[in-house]
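Working notes, structure below.
Note that the structure is a prediction, hence the values are computed from the model and not measured. Here, residue 1 is the first one in the sequence, and each next residue gets the next number.
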Amino acid sequence: MKFKRQIKPYRAAAGGWGSLEATTRFVLDSKAALKNMRNLMRMNKARGFDCPGCAWGDDNKSTFSFCENGAKAVTWEATRRVVDTDFFARHSVTTLYTQSDYFLEYQGRLTHPLRYNAETDHYEPISWDDAFALIAQHIKAMDNPDQMELYTSGRASNEASWLYQLFGRLVGTNNFPDCSNMCHEASGTGLKRSIGVGKGTIRLDDFDHADAIFVFGQNPGTNHPRMLHSLRHAADHGAKIVTFNTLRERGLERFADPQKPLEVVTSKAGTISSSYYQPNLGGDMAAVRGMVKSLLETHRARLAAGESGLFDQTFINAKTNGIEAYLDAVDNTSWMQIVAQSGLTQAQIREAAAIYQSADRVICTWAMGITQHKHSVDTVREITNLQLLFGQLGKKGAGLCPVRGHSNVQGNRTMGIDEKPTQAFLDALGNHFGFEPPRAAGHNTVEALNAMLRDEVKVLIALGGNLAAAAPDSPRTEEALSRCGLTVHISTKLNRSHLVPGHEGLILPTLGRTERDRQATGNQFITVEDSFSMVHASEGIGIPLAETQRSETAIVAGIAQAVLGDDKVKWRDLAGDYNLIRDHIAATIPGFADFNAKCDIPGGFYLGNAAAELRFNTPSQKAEFNASMLPDSLFPALDQAVPFTLQTLRSHDQYNTTIYGLDDRYRGVFGQREVVFINPDDMADLGFTEGQNVDIETLWNDGIIRRVSGFKLVPYNIPRGNLAAYYPETNPLVPLNSFGDGSGTPTSKSVPVKLELSLAQADQRIA
């Protein structure tokens, strides 16, 4: 496949005609245009299916309840292209490994269960019964249950996730590494420590009532475009949108609504951010600390003048703990450190603080630009500190809003996909099924990979996802996977993980979110949870491509039946009627009473949030201020200067590790992915020029060379000393042993690197 490579600045607003054109192109390219138009009209609607893309909430008001990237996700899944047994007969695993991630998934949908034959280096067909028997053979041969790792993607439904965790705990392990470990773990950990619940406190309509919305470390124009509708609507009604983001992103600047004809055919667009600040990578905690320092000065000056202070003292006294230690930490943080670490001027930080001060109701929202650093938990808690000072919880139009990535990643955790489950959850599960669940903490994703490298893992089962491409330190991740006795991938499409099998490997083809799921008792629906704790029913409408594809729930039940039999759980009955699974969920997880009945509520039902009701499930029963100081360095283990800090990020034609195309329209990159965004002054100081190819090398302390080559320099509006490049191409640069304190999340937004001209161009310059 050939693509026209060019760097061409994009002048238009996010959304608008460009979004409509891209959506149309992807629908036509699926070779199932009419089918996908019907799918899109049913997406995020009652008795339709939930978007398989991001976890943004449904407003239930729009005529079309999908965005450009949601349309890409649907058409990518609902394609007529198939990867069948003939395909694998023609292509060896070694040959396929040399292809790009885009090529692999573009080939189409998996249709048959497959077993890797190491002697021929080909995947070959296997029956479902034989596949389940092989899995059971490997699991029963384990020395102990913790030699099994059960990985989960954020797209797995509530029903499949709950069944999966029950299977694992009946076997005897809490090893549930999942995609959340690599993205929003810091959000859950930080919020639990501060307010007692690891989820956001707001609901979608709170955006309509906010006076100010502070957006930290996220790019909704690409990663969750429906959020732009909420931000645009809030801005149109007078809310101040204040953005802290290292790169200048078009979706955070202005947005043309594709559902408004005038904005599609004209240059009319709405402004998103009223103020836009570009901190250094990892500098957001310092920026927020600076805002608090400025606000504290004003607060004390008012008290000294006999006036009422800025802070909500009634809320602080009644509902919080630790204010004195926190304010001492603020006093002991110098402006010099704040400015140096944040990369912002004192004037900019004071300006942002003044906007915050003028707003009665404030929402703070963030994504992985906050959560993939060593000090991410403290950064999340610093944002929470700011909100606590002003009592910005428990009232309409105010609160905390981590924006999750994949469609049901929050629901997975609610269902028990958690390597550190609460004792209350384990008690409920054990009492309901009459067994003693394992109590010791299991492995997160980084811990699981390290266990594989130590040859301690006999079986890896991956319920969706693409672990080889998603995880850091790609060569070590691939080596880890290859060391497993058996790797099992439950997947819709071919991906990189399938090409690094263990000593034995299985690919099990599953239905997608868009497809009809017919079981013994008839058509089934599943449920998912969005970023606002709303649980929605989702029912696919498309006819599956092959009878040999099975639902995730049926596959998990089939594995469990082969391994455990049906003494404690009637797995086949649960696979045949998802209502029975939901009855068990209702009996074991708080908030799900009358689960089946609630699934009929139009728009879904709200699980509730104790912190939003000012009930804080912390040891003190109060919200906890966090008095951590700013980190002395983003790289405390290094004893050398760091020329650049690199963040990995997505392109616009990408969702997580799925590459829909090779364009990044809003950043002006077309037909290519091996690029690195750099400040023009940094490029000039190095003596490099636009379009030259460079090698990027990680600076780390373990003796391992981490280097990627041939990345084109693209000048961009990014602060000096900061770089950005796409993943998974730059995942080899992220050290496996570099992860967040308290979260275990790889530090993919804080990679210390240096640049060198690629060898051929270096030779030319010398000549």
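Nearest approach of Val446 to Pro746, heavy atoms of both residues: CG2-CG, 4.1 Å. In this structure, His184 and Trp366 approach most closely via the heavy-atom pair CE1-O, 3.9 Å. Scanning all heavy atoms of the two residues, the minimum distance from Ser180 to Val409 falls at CB-CG2, 3.8 Å. Shortest non-hydrogen contact noted between Ala359 and Gln392 is O-NE2, 4.1 Å. Closest approach of Gly399 and Thr201 over heavy atoms only: CA-OG1, 3.4 Å. Of all heavy-atom pairs between Ala612 and Asn609, the closest is N-OD1, 2.9 Å.
Side-chain atoms of Asn412 never come within 3.5 Å of backbone atoms of Ile417 as a donor-acceptor pair (strictly under, hydrogens ignored). Not a single donor-acceptor pair under 3.5 Å links the side chain of Thr271 to the backbone N or O of Ser273. Here the side chain of Ser376 pairs a donor or acceptor atom with the backbone of His373 at under 3.5 angstrom. With Gln387 contributing its side chain and Val362 its backbone, the two residues share a donor-acceptor pair below 3.5 Å. Distance alone, capped at 3.5 Å, is enough to place a donor-acceptor pair between the Gln372 side chain and the Met182 backbone. Side chain of Ser628 to backbone of Asp378: no donor-acceptor contact under 3.5 angstrom is found. At distances below 3.5 Å, not a single donor-acceptor pair connects side-chain atoms of Thr371 with backbone N or O atoms of Ser187. Of the possible polar contacts, none joining the Asn158 side chain to the Ile526 backbone as a donor-acceptor pair under 3.5 Å is found. Using modelled atom types, one side-chain atom of Lys293 and one backbone atom of Val330 make a donor-acceptor pair closer than 3.5 Å. Using a distance-only test at 3.5 Å, with no hydrogens or angles considered, a donor-acceptor pair links the side chain of Thr618 to the main chain of Gln621.
In this structure, Phe207 has its ring center under 6.0 Å from that of Trp56. For an aromatic pair to be called close, the ring centres must be under 6.0 Å apart, and His536 with Phe605 fails this.
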With a cut-off of 3.5 Å and sequence neighbours excluded, list every side-chain donor-acceptor pair involving residues 234-242.
{"residue": "Asp236", "atom": "OD1", "partner": "Arg232", "partner atom": "NE", "Å": "3.3"}
{"residue": "Asp236", "atom": "OD2", "partner": "Arg232", "partner atom": "NE", "Å": "3.0"}
{"residue": "His237", "atom": "ND1", "partner": "His233", "partner atom": "O", "Å": "2.8"}

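A salt bridge does not link Arg289 to Asp284: none of the charged side-chain nitrogens sits closer than 4.0 Å to a carboxylate oxygen. By the 4.0 Å N-to-carboxylate-O rule, Lys396 lies close enough to Asp205 to be salt-bridged with it. A salt bridge links Asp741 to Lys374: one of the charged nitrogens lies within less than 4.0 Å of a carboxylate oxygen. A salt bridge does not link Glu624 to Arg193: none of the charged nitrogens lies less than 4.0 Å from a carboxylate oxygen. A salt bridge is defined here as a Lys NZ or Arg NE, NH1 or NH2 lying under 4.0 Å from an Asp or Glu carboxylate O, and Asp530 with Arg203 fails to meet this definition.
Distance check, rounded to the nearest 0.5 Å: OG1 of Thr588 to CG of Leu429 gives 6.0 Å. Ser194 OG to Glu382 CD: the interatomic distance, rounded to the nearest 0.5 Å, is 9.5 Å. For the atom pair Asn245 CG and Glu253 CD, the distance stands at 10.0 Å (nearest 0.5 Å). Distance check: Leu228 CG to Asn219 CG gives 8.5 Å after rounding to the nearest 0.5 Å. Distance CD1/Ile370 to NZ/Lys749: 10.5 Å, rounded to 0.5 Å. One finds the OG1 atom of Thr222 at 9.0 Å from the CG atom of Leu649 (value rounded to the nearest 0.5 Å).
A cation-pi geometry, defined here as NZ or CZ lying under 6.0 Å from the six-membered ring centre and within 45° of its normal, does not hold between Arg582 and Phe592. At least one cation-pi condition fails for Arg650 and Tyr727: the charged atom is not both under 6.0 angstrom from the six-membered ring centre and inside a 45 degree cone around its axis.
Scored by the side-chain contact (heavy atoms from CB on, under 4.5 Å) test, Glu324 finds no partners at all (sequence neighbours excluded).
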Derivation of the salt bridge (charged side-chain N to carboxylate O under 4.0 Å, His left out) call for Lys319 and Asp312: CA-CA 11 Å; Lys319 298 294 183 180; Asp312 187 338; over 6 Å; no
Can you check salt bridge (charged side-chain N to carboxylate O under 4.0 Å, His left out) on Glu297 and Arg350, steps first, answer last? CA-CA 11 Å; Glu297 292 171 5; Arg350 289 186 181 278; 2.9 Å; yes
Step-by-step side chain to side chain donor-acceptor pair (under 3.5 Å) determination, Ser743 to Thr189: CA-CA 7 Å; Ser743 71; Thr189 300; over 6 Å; no
Checking Arg248 against Gln278 for the side chain to side chain contact (heavy atoms under 4.5 Å, CB included) test, could you report, in this order, the C-alpha distance in whole Å, the side-chain angles of both residues, the deciding distance, and whether it holds? CA-CA 7 Å; Arg248 198 85 183 185; Gln278 295 178 258; 3.9 Å; yes
Between Thr527 and Glu159, does the side chain to side chain donor-acceptor pair (under 3.5 Å) criterion hold? Intermediate values first, please. CA-CA 7 Å; Thr527 59; Glu159 290 73 15; 2.8 Å; yes
Can you check salt bridge (charged side-chain N to carboxylate O under 4.0 Å, His left out) on Lys395 and Asp206, steps first, answer last? CA-CA 9 Å; Lys395 60 184 182 182; Asp206 281 310; over 6 Å; no
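At least one side-chain heavy atom of Ile213 sits under 4.5 Å from a side-chain heavy atom of Leu231.
The list of ring pair (Phe, Tyr, Trp, His ring centres under 6.0 Å) pairs with a residue in residues 281-335, not counting sequence neighbours, reads His299-Phe311, Phe311-Phe390, Tyr326-Phe625.
Within 6.0 Å of the CG atom in Asp632, the count of heavy atoms belonging to other residues, nucleotides or ligands does not exceed 12.
Tested against Asn181 for a side chain to side chain donor-acceptor pair (under 3.5 Å), the candidates Thr152, Asn444, Thr445 yield a single pass: Thr445. Screening Lys420, Arg413, Lys192 for a salt bridge (charged side-chain N to carboxylate O under 4.0 Å, His left out) with Glu185, the sole residue that qualifies is Arg413.
Side-chain atoms of Asn626 and Asn385 form no donor-acceptor pair, as typed in the model, at a separation below 3.5 Å.
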